[in-house]
Amino acid sequence: MNQAKPKPSVNPDIDPHTARAAQTAERELRAGTPCLWTNPLLADVPPARVSAGDRIISLADVHAARARFDRFAPLLARLFPETAPSGGTIESPLLAAPTLQQMLGLDARHGRLWIKGDHALPIAGSIKARGGIHEVLEFAEKVALEAGLIQQGDDYARLAEADARDRFSRYQVAVGSTGNLGLSIGVMASALGFRAAVHMSADAKAWKKARLRARGVEVVEHAGDYAQAVAAGRQQAASDPYCHFVDDERSLSLMLGYSAAALHLDTQLAAQGLRPDAHRPLFVYLPCGVGGAPAGIAFGLKQLYGEHVHCFFAEPTASPCFLVQMLGAELGGQGGNPSVYDYGLDNRTEADGLAVPRASELAAGAMRELLSGVYTVADDTLFRHLFQAQAAEGIQVEPSAAAGFSGPAMLTQSEAGRDYLERRGLTQHMPQAIHLAWTTGGLFVPDTEYRNFLDRGAALLAA
Ligand SMILES: *Cc1c(COP(=O)(O)O)cnc(C)c1O
């Protein structure tokens with residue numbers, strides 16, 4: 001492992017307890033040891049308005065994103081027959097996971113395990129169906145309104161007609177991706193008639209590229225990592241006024257698309273009689289790459305449930321970009337956008353959806369006072385949990401999507417986790433706690449690939 005120069009990343013003025021916790025986390029993350037860090041800046045009462053880049057966002061923006069999905073639902077039902085039974089909604093089930101809970105060793109005294117099943121989201125087969133599709137729809141809506149193809153209040157299903165497709169074909173939608181965002185943007189953009197280009201990093205899986213090419217999407221392969229693929233795409237798009245670049249490191253439209261998930265989850269929890277409150281805390285474990293998806297969802301949930309929801313991001317031990325961002329920039333107060341390479345890590349992980357060296361500053365800024373913490377997971381653990389999710393609950397997830405399953409143990413068994421529960425007065429309420437692992441992708445993983453994942457998990461469990 002290359003040895004990066006240690007540099008002080010924690011602000012010396014913060015209180016000793018916080019400084020010690022940050023130093024412990026930093027030591028563990030440098031060593032590649034799984035760890036949990038909790039956020040000392042977490043607000044007791046979350047702010048209703050949060051600054052995100054150069055905008056201020058609130059619950060109204062979450063509702064606006066949801067309303068956009070609703071306006072487009074008739075069109076989606078027409079373009080994607082698999083969504084017709086649900087009227088064109090892109091949503092996933094909330095699943096009880098009692099058997100997996102046992103396998104993971106989560107004692108009932110610490111609450112119950114649930115799964116938010118975004119591994120099965122239609123169209124994209126991953127959580128990217130939320131943010132990615134939202135941004136393509138927002139762009140299509142703008143083009144269509146400007147061209148007079150639709151008026152406010154029209155049935156958007158007519159955007160599947162030849163005149164609309166003809167107009168859309170003048171534009172290109174481009175994106176940089178490790179795979180899943182490209183799948184979401186590429187499939188949605190080409191279904192509407194846009195030209196689509198996806199800049200893929202070296203970690204992108206061959207089957208994801210093949211699936212895109214089969215849909216007529218231009219796949220541009222880059223030898224570098226995810227951040228380099230994004231930079232290349234951004235640069236190419238800047239010179240073309242007919243190109244809309246979906247910027248995963250900076251896009252508010254993406255983040256707000258993800259945030260709409262909170263509203264549907266609220267309905268699902270209510271249907272189970274499980275609305276979070278002072279006696280029933282909700283802990284949410286969200287796999288994190290650049291941070292846009294988990295930050296969007298955490299933002300939406302914090303607006304709905306305030307201090308009764310606790311959002312933790314999960315990252316691979318080799319790619320904890322959000323953790324280094326929070327430790328170095330948010331907490332250290334030095335600003336900037338550190339990378340995992342600065343901490344001597346190599347960003348090599350089988351969790352390709354999370355193989356990101358540098359966090360989104362937009363997401364990190366929005367999470368400053370809303371995020372409860374970040375923990376890291378070793379790749380081997382991802383494979384064990386991937387296998388157990390299949391064995392216990394019959395669900396197919398990809399390695400990235402298994403990162404949430406380590407959350408309950410991290411929270412209830414580690415010193416940092418127990419300390420968090422104690423300090424927030426949550427220990428006594430744990431029997432009623434809801435632990436929600438967000439499974440973020442897997443539906444379209446090819447059979448042979450998935451078999452290999454299962455075999456690897458089984459072998460690790462047998463060892
Ligand atoms: C992209 C992705 C995530 C995380 O989303 P970010 O916005 O990159 O943080 C999690 N899981 C899977 C499977 C993904 O593809």
Side-chain angles (χ1 to χ4, degrees), residues 92 115-121 123-135 175-187 198 200-201 203-205 208 225-227 229-230 246-259 261 284-299 311-316 319-323 325-326 347 349-364 366-367 371 374 377 382 385-386 389 395-405 407 437-445 449-450 453:
S92 71
I115 291 169
K116 178 59 178 162
D118 277 8
H119 61 280
L121 277 181
I123 304 177
S126 81
I127 194 168
K128 301 295 193 304
R130 300 182 181 279
I133 288 174
H134 179 261
E135 178 151 351
V175 66
S177 174
T178 62
N180 284 340
L181 185 62
L183 275 182
S184 155
I185 302 281
V187 169
V198 177
M200 289 277 205
S201 58
D203 351 68
K205 301 277 185 211
K208 292 182 181 175
D225 67 15
Y226 161 81
V230 172
V246 177
D247 198 325
D248 199 14
E249 292 174 340
R250 301 176 188 174
S251 167
L252 191 58
S253 181
L254 275 179
M255 211 170 100
L256 291 172
Y258 293 118
S259 77
V284 187
Y285 309 104
L286 295 150
C288 174
V290 74
I297 290 170
F299 174 74
C311 300
F312 291 88
F313 291 1
E315 301 192 297
S319 309
C321 66
F322 213 86
L323 179 50
Q325 178 73 28
M326 296 303 284
N347 192 35
T349 169
E350 290 287 335
D352 55 326
L354 314 181
V356 175
R358 242 179 249 283
S360 154
E361 291 181 272
L362 176 80
M367 286 299 98
L371 183 64
V374 185
V377 192
L382 297 177
H385 290 169
L386 178 152
I395 61 169
Q396 173 170 320
V397 303
E398 61 186 84
S400 300
F405 295 131
W438 211 287
T439 50
T440 48
L443 181 64
F444 296 147
V445 176
E449 192 107 358
Y450 185 61
F453 292 160

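Computed from a prediction, not measured in an experiment: that's the story for all the values here. Counting convention: from 1, in listed order, for ligands and their atoms alike.
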Peer 1: Give the residue and atom name of whichever protein heavy atom lies nearest to atom 11 (N) of ligand 1, and the separation in Å to one decimal.
Peer 2: Thr440 OG1, 2.7 Å
Peer 1: Between Glu135 and Val246 (side chain of the first, backbone of the second, donor and acceptor by atom type, cut-off under 3.5 Å), is there such a pair?
Peer 2: no
Peer 1: Quick check against the 3.5 Å criterion: does Ser126 have a side-chain atom that pairs as donor or acceptor with the backbone of Gly441?
Peer 2: no
Peer 1: Between Asp248 and Tyr226, does any side-chain donor sit less than 3.5 Å from a side-chain acceptor?
Peer 2: yes
Peer 1: With only distance considered, is Asp248 within less than 3.5 Å of ligand 1 through an N or O on each side?
Peer 2: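 Among all N and O atoms of Asp248, none is under 3.5 Å from an N or O of ligand 1.
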Peer 1: Set out, in order, the CA-CA distance, both residues' side-chain angles and the distance that settles side chain to side chain donor-acceptor pair (under 3.5 Å) for Ser201 and Asp225, then state yes or no.
Peer 2: CA-CA 5 Å; Ser201 58; Asp225 67 15; over 6 Å; no
Peer 1: Should the proximity of Ser400 to ligand 1, defined as any heavy atom under 4.0 Å, be assigned to the side chain, the backbone, both, or neither?
Peer 2: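 Answer for Ser400: side chain.
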Peer 1: Just to confirm my output: which protein heavy-atom neighbour is closest to atom 10 (C) of ligand 1, and how far is it?
Peer 2: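 Among all protein heavy atoms, the one nearest atom 10 (C) of ligand 1 is Leu354 CD2, 3.4 Å.
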Peer 1: I want to know if ligand 1 touches Gly292 in the polar sense, i.e. an N/O pair below 3.5 angstrom.
Peer 2: yes
Peer 1: Does Val290 approach ligand 1 within less than 4.0 angstrom via side chain, backbone, both or neither, non-hydrogen atoms only?
Peer 2: both
Peer 1: With distance as the sole test, does His134 use its side chain to make a donor-acceptor pair with the main-chain N or O of Ser253 at under 3.5 Å?
Peer 2: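 Yes: the side chain of His134 pairs with the backbone of Ser253.
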Peer 1: Test your reading of the structure: does Gly289 have an N or O sitting under 3.5 Å from an N or O of ligand 1?
Peer 2: yes
Peer 1: Any idea which part of Leu254 is under 4.0 Å from ligand 1, heavy-atom wise: side chain, backbone, both or neither?
Peer 2: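 It is neither; nothing of Leu254 touches ligand 1.
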Peer 1: Would you say the side-chain atoms of Ser177 pair up with the backbone N or O of Gly182, donor to acceptor, closer than 3.5 Å?
Peer 2: yes
Peer 1: Are the side chain of Gln396 and the backbone of Gly442 linked by a donor-acceptor contact shorter than 3.5 Å?
Peer 2: yes
Peer 1: Can you report which non-hydrogen protein atom sits closest to atom 3 (C) of ligand 1, along with the distance?
Peer 2: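 The protein heavy atom lying closest is Lys128 NZ, 3.5 Å.
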Peer 1: Is Ser184 reaching over with its side chain to a backbone N or O of Lys128, donor-acceptor style, under 3.5 angstrom?
Peer 2: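 Pair found, side chain donor or acceptor close to backbone of Lys128.
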Peer 1: Report, in ascending order of atom number, the atoms of ligand 1 lying under 4.0 Å from any heavy atom of Pro287.
Peer 2: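 Matching atoms, with element in brackets: 4 (C), 10 (C).
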Peer 1: Going by distance only, is there an N or O of Ser126 that falls short of 3.5 Å from an N or O of ligand 1?
Peer 2: no
Peer 1: So is there a nitrogen or oxygen of Ala293 less than 3.5 Å from a nitrogen or oxygen in ligand 1?
Peer 2: yes
Peer 1: Which ligand 1 atoms, with their elements, are less than 4.0 angstrom from a heavy-atom of Cys288?
Peer 2: 9 (O)
Peer 1: Are the side chain of Ser400 and the backbone of Gly353 linked by a donor-acceptor contact shorter than 3.5 Å?
Peer 2: yes
Peer 1: Please indicate whether any nitrogen or oxygen in Gly291 is less than 3.5 Å from any nitrogen or oxygen in ligand 1.
Peer 2: yes
Peer 1: Quick one: which ligand 1 atoms are inside 4.0 Å of a heavy atom on Asn180?
Peer 2: 13 (C), 14 (C), 15 (O)
Peer 1: Quick one, Lys116 with Ser92, criterion side chain to side chain donor-acceptor pair (under 3.5 Å). Give me CA distance, side-chain angles, the key distance, then yes/no.
Peer 2: CA-CA 7 Å; Lys116 178 59 178 162; Ser92 71; 3.2 Å; yes
